[in-house]
> 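One structure, pasted below without further comment.
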Number of protein chains: 2
Amino acid sequence: MPAPIARKTLAGKKKDKALAAAPARRAARGPAAGRRVRQVEDKRSAILGAALGLFSRYGLHGTTVDQVAARAAVSKSNLLYYFANKEELYVSVLRDLLEVWLAPLRSFSAEQDPRAAIAAYIRAKLVISRDRPDASRLFCLEMIQGAPLLRDELARELRDLVDHKSEVIRAWVADGRLAPVEPHHLVFALWATTQHYADFAVQVQALTGRTLDDPAFFEQTVENVQRIVLDGIAAQADGGPV
Amino acid sequence: MPAPIARKTLAGKKKDKALAAAPARRAARGPAAGRRVRQVEDKRSAILGAALGLFSRYGLHGTTVDQVAARAAVSKSNLLYYFANKEELYVSVLRDLLEVWLAPLRSFSAEQDPRAAIAAYIRAKLVISRDRPDASRLFCLEMIQGAPLLRDELARELRDLVDHKSEVIRAWVADGRLAPVEPHHLVFALWATTQHYADFAVQVQALTGRTLDDPAFFEQTVENVQRIVLDGIAAQADGGPV
DNA sequence: GTCTATAATTGGATAGAC
DNA sequence: GTCTATCCAATTATAGAC
């Protein structure tokens, strides 16, 4: 028997059902109607939030819609009124995520001092690891699976963005303001070292006994990651002011 | 309704079934019996290999035993003869993994030159990322889920090992042979930067167009990660011989 | 929009012949 | 040890009343 493909969802069953177009339609009605629209949107985002929390830990298949519904405090069938099916919900969560995801990298420009820019970026990413660890985890889960749903976006949006930022880095290197480094690898190192504290939080906790929620540990982490990436560890220099 | 726990396996249904003690019993029989024992063990490891490949991409719940069986070229019920149930299979895979996992860190001792030791460790981990990316991914998946199955091992074995290696690092720092760095954070940085190339391989591929299987890219990666961690990127120093 | 059934399906696990 | 035929539980999704 030839080896089969492991994922079987997302391909077969498209129902389409005029999928819950609840928002996006808002005519000129009374203020009561506006209130109702907001309620609907609140509910949608409550569901999305609950879904993010669960999907990011247990994945698409490890999570049941019942669980999402319970956590969002709605009934299962009610949830399925807002999202035609489980996958649509999953994709919605993922889509919301992506923009949040790309944001920090955007504010990274050639005019900045390289050292300051990178230090700030590390801090910003660690703030996300602390405050939105589930976003980081879900992103990681998708990557591990081969990003079936983000592959296109990766190949386009993210690639363009990273290519652009790579040029910034390359220029810094050319100006001698940064040690010679292949921009892509630097970007990977920045991502890896910062997201690690979200994705491997259990391990960090098991080994250090602390989490980023502990302010002292958070600052220690920021400082150490900055020092490692900016100054390296080989020199006996003190790293200078960070 | 109170928020439920998302994982429902691994707790409820223990069957125990005198679980497939096929190996480990080998009396004095003819050479034919020995051959048969080997066949059994080959089959077991074929199943374990297939399982690793699938679990590491799609997780426990995203993989069906049918798929594992198909990839290992056995029937589902035959598979369930060797492993009492899906979870036992999963745990077996994970257990095999852990030792492989800890190995590189062990060969890391105070006598070595810090720079050389760390450079070698980075290379060793990148070799694993290249040659056993599924091991890396499965480990990552477990971590993201909160390591329900490894938590104990993490708290014991890994912790002891890391604590010990931390002392090595701390000594290097005390001797001025390493810049001041909190050992745990250095270890995290080493893990993160190297495993990233396995866990986020799709992203690496999408952004660079290459993989670690490309020898030139592999060497470029080793060199860049070593440079970043050892020398940092801020200085305009050329990084010296690595 | 929300609820209470209930249909429909997947997939893990067992029984029992060979 | 291996197979075929089932069983049965868990879940997704729908129907239709309110």
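Heavy-atom basis, side chains included; hydrogens, waters and symmetry copies ignored. Throughout, a chain's letter reflects where its sequence line sits, starting with A, and its residues are numbered from 1.
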> Can you measure from CD1 (I144(B)) to CZ (R137(B)) and round to the nearest 0.5 angstrom?
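So the CD1 of I144(B) and the CZ of R137(B) are separated by 12.5 Å.
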
> In this structure, how many angstroms lie between the P atom of dG11(C) and the CG atom of L54(B), rounded?
13 Å

> Please enumerate all protein N or O atoms sitting under 3.5 Å from an N or O of nucleotides 7-9 of chain C, with distances to 0.1 Å.
none

> If I take atom CG in residue D66(A) and atom P in nucleotide dT11(D), what distance separates them, rounded to the nearest angstrom?
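Rounded to whole Å, this separation is 8 Å.
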
> How many whole angstroms separate atom NZ of K86(B) from atom P of dA9(D)?
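Atom NZ in K86(B) sits about 18 Å away from atom P in dA9(D).
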
> Of all the choices, dG1(C), dG11(C), dA13(D), which nucleotide is nearest to the side chain of V40(A) once you look at every atom?
dG1(C)

> For S136(B), what residues pass the side chain to side chain contact (heavy atoms under 4.5 Å, CB included) criterion, not counting sequence neighbours?
W101(B), Q195(B), A198(B), D199(B)

> Table please: side-chain donor-acceptor pairs of residues 202-211 of chain A below 3.5 Å, with sequence neighbours left out.
residue, atom, partner, partner atom, Å
T208(A), OG1, V204(A), O, 2.7
T208(A), OG1, R210(A), N, 3.1
T208(A), OG1, R210(A), O, 3.4
R210(A), NE, D214(A), OD2, 3.1
R210(A), NH2, D214(A), OD2, 3.1
T211(A), OG1, D213(A), N, 3.3

> Could you write out each protein N or O paired with an N or O of nucleotides 3-6 of chain D at a distance under 3.5 Å?
residue, atom, partner, partner atom, Å
dC3(D), OP2, S75(B), OG, 2.8
dT4(D), O4, S77(B), OG, 3.1

> Ignoring backbone atoms, test whether Y81(A) places a side-chain nitrogen or oxygen under 4.0 Å from the OP1 or OP2 oxygen of dA13(D).
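No, no such contact exists.
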
> Please give, in whole Å, the distance from dG11(C) C1' to N85(B) CG?
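After rounding, the reported distance stands at 14 Å.
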
> What residues form a side chain to side chain contact (heavy atoms under 4.5 Å, CB included) with E157(B), not counting sequence neighbours?
L98(B), E99(B), L102(B), R106(B), E153(B)

> How would you list, by chain and number, every residue that makes a side chain to side chain contact (heavy atoms under 4.5 Å, CB included) with A50(A), sequence neighbours excluded?
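A50(A) satisfies side chain to side chain contact (heavy atoms under 4.5 Å, CB included) with V68(A), R71(A), A72(A) only.
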
